[in-house]
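Data first, discussion second: the structure below is written as structure tokens.
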Number of protein chains: 2
Amino acid sequence: MTLTTAKSVAANATANTIAQALSRAIHEHRLAPGTKLGEDELSDIYGVSRTIVRTALQSLAHQQIVEIKRNRGAFVAQPSLAKAQEVFEVRELLEPRTARAAALHATPADIALLKDHITQEHAAMDAGESGRALYLSGKFHLEIARMAKQQTIADIINVLIARSSLIIALYWRRESALCESQAHHALINAIGDNNGALSEELMQSHLVDLHSALNLKELPAVEQDLRAMLLGDAKP
Amino acid sequence: MTLTTAKSVAANATANTIAQALSRAIHEHRLAPGTKLGEDELSDIYGVSRTIVRTALQSLAHQQIVEIKRNRGAFVAQPSLAKAQEVFEVRELLEPRTARAAALHATPADIALLKDHITQEHAAMDAGESGRALYLSGKFHLEIARMAKQQTIADIINVLIARSSLIIALYWRRESALCESQAHHALINAIGDNNGALSEELMQSHLVDLHSALNLKELPAVEQDLRAMLLGDAKP
DNA sequence: GCGCACAATATTGTATGCAATATGCGGATG
DNA sequence: CATCCGCATATTGCATACAATATTGTGCGC
């Protein structure tokens with residue numbers, strides 16, 4: 001996987017622009033965990049100096065979706081198994097309550113927005129753009145947090161979603177290829193009915209489903225990243 | 001309030017060093033909300049280039065304890081009333097469950113550590129170092145999160161504690177000068193007894209107490225910073 | 001005396017150059 | 001032939017110079 005694109009992009013990119021672009025690329029699994037994000041490479045691509053690129057990378061590092069190793073450079077993060085567990089545990093703690101709050105505050109406009117999200121998600125899926133579908137699926141959760149009028153929680157969930165995308169890239173098991181859009185659909189209905197209790201319950205079970213669709217068996221924690229790399233070739 | 005110190009500190013400071021130093025100063029209320037953190041000033045103090053200072057400030061900005069205004073500089077953040085509410089609501093959502101988990105994992109060594117924290121806290125209080133006492137009080141909460149073996153939650157709580165310190169600086173009402181160490185003491189006992197349910201309950205009520213000790217009445221949000229500055233001189 | 005425009009100053013934003021460090025290759029050596 | 005050491009190269013870390021922008025002070029006109 002390489003970062004080099006055919007044409008260099010407009011030079012008006014700011015640090016946030018770049019961070020968002022990278023974040024989205026990671027969300028959509030166009031950048032795999034472990035991919036090196038070279039400063040020169042990125043500054044060439046976006047037509048800015050390394051200074052800007054560095055602040056963008058630092059921003060992503062704070063969200064723990066990029067890991068910066070001193071004198072080595074920046075890499076797309078590879079959350080350990082333990083971190084993966086933790087991320088979903090926190091989400092299971094935060095998001096159900098947030099869904100409840102969202103149900104109480106939801107306006108018809110909000111519901112329309114969520115339905116539009118679902119539509120786009122389906123469209124992306126049908127078009128075979130599974131990365132984009134995953135991205136939209138994350139945005140769906142974020143939108144609910146935003147509706148709950150809890151910016152602080154929304155911020156936290158935002159980074160947890162980003163990390164979840166990495167976790168899915170690393171630990172998703174193909175066997176359980178169940179599409180999750182039914183769950184989202186049911187959630188919309190509950191929120192649209194201002195049914196807080198049901199929304200909370202649905203969100204909870206939705207997250208548990210997701211969590212259990214991950215391949216989180218015990219692996220030796222030491223050098224797990226290396227092992228993860230090797231396991232791919234070891235099966236056949 | 002000025003940042004200038006008599007002697008410049010050793011030049012071996014790294015970005016993390018500076019970020020931690022500033023974070024702690026904010027924790028301990030030596031740096032008031034709204035204080036400007038000039039890049040040149042800081043680079044003089046710590047004997048490094050502005051580059052290092054900038055990454056430190058960006059790090060703090062990501063934790064929202066510093067606000068960077070474009071072309072204006074970095075300032076110690078001034079959480080709005082709404083944000084203050086939100087921060088404590090999230091803490092009330094996260095920390096009780098975390099205290100429960102901590103109670104299950106707690107070892108005698110952990111308990112000893114917590115008791116030591118309390119001792120230091122009392123000592124600081126008796127010495128009139130209320131800032132340091134507040135800092136230690138925050139560390140106490142963080143230590144519990146660490147004991148729960150949930151690094152992800154601990155990270156989140158860590159920044160929420162930092163923000164809480166700012167909120168206390170802005171919205172604490174003197175009337176309710178109740179010292180909170182009793183609450184901490186009771187918590188230690190519950191955790192030491194591995195009593196998860198009680199720990200959760202105590203943490204919950206402790207946070208509610210804190211929350212209600214804040215002066216969160218409606219204030220004109222516009223130019224609230226300036227108002228806060230002026231109110232200090234208006235009393236006598 | 002008051003208000004406004006403009007200039008001077010100070011501070012941040014960005015780019016770039018040099019230094020430090022890790023990596024990979026090639027030759028020497030056992 | 002394998003291994004180890006040292007050098008060449010590439011990349012990041014840090015500092016500084018220059019550009020852009022906000023703020024403040026001054027003077028002019030009214």
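No hydrogens, no waters, no symmetry mates; every other heavy atom, side chains included, goes into these values. So that the names make sense, note that chain A is the first sequence line, chain B the second, and so on, each numbered from 1.
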Starting at [atom1] of [X] and ending at [atom2] of [N], how long is that distance when rounded to a whole Å?
| X | N | atom1 | atom2 | answer |
| --- | --- | --- | --- | --- |
| A/Leu57 | D/dG13 | CG | P | 10 Å |
| A/Asn16 | C/dG13 | CG | P | 12 Å |
| B/Gln58 | C/dT12 | CD | C1' | 12 Å |
| A/Ile68 | C/dA22 | CD1 | P | 16 Å |
| A/Glu39 | C/dT14 | CD | P | 16 Å |
| B/Leu37 | C/dT12 | CG | C1' | 14 Å |
| A/Glu41 | D/dA10 | CD | P | 14 Å |
| A/Asp40 | D/dT9 | CG | P | 17 Å |

Does [N] have OP1 or OP2 sitting under 4.0 Å from an N or O in the side chain of [X]?
| X | N | result |
| --- | --- | --- |
| A/Lys36 | D/dT12 | yes |
| A/Arg54 | D/dT12 | no |
| A/Arg70 | D/dC14 | yes |
| A/Thr51 | C/dT14 | no |

Nucleotide nearest B/Val48 when distance is taken to its side chain, options D/dA15, C/dA15, D/dT12
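So the nucleotide nearest the side chain must be D/dA15.
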Closest listed nucleotide, where the reference is the side chain of A/Asn71 and the choices are D/dA15, C/dA22, C/dT12:
C/dA22
Checking A/Arg132 against A/Tyr135: charged group under 6.0 Å from the ring centre and within 45 degrees of the axis?
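Output no; distance or angle outside limits.
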What verdict does the side-chain contact (heavy atoms from CB on, under 4.5 Å) test give for B/His141 and B/His206, after you've listed the backbone C-alpha separation in whole Å, the side-chain angles of each residue and the deciding distance to 0.1 Å?
CA-CA 11 Å; B/His141 283 248; B/His206 172 43; 3.1 Å; yes
B/Gln150 vs B/Leu94, side-chain contact (heavy atoms from CB on, under 4.5 Å): CA-CA, chis, key distance, verdict
CA-CA 11 Å; B/Gln150 276 272 14; B/Leu94 283 179; over 6 Å; no
Between A/Thr14 and A/Arg50, which has a closest nucleotide on DNA chain C that is more 5'?
A/Thr14
Within 6.0 Å of CZ in A/Arg146, more than 12 heavy atoms from elsewhere:
yes
Take the angle between the ring planes of A/Phe140 and A/His184 and call it parallel below 30°, perpendicular above 60°, tilted in between.
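Aromatic pair A/Phe140/A/His184 classed parallel.
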Any N or O donor-acceptor pair linking the side chain of B/Arg72 to the base of C/dG13 at under 3.5 Å?
no
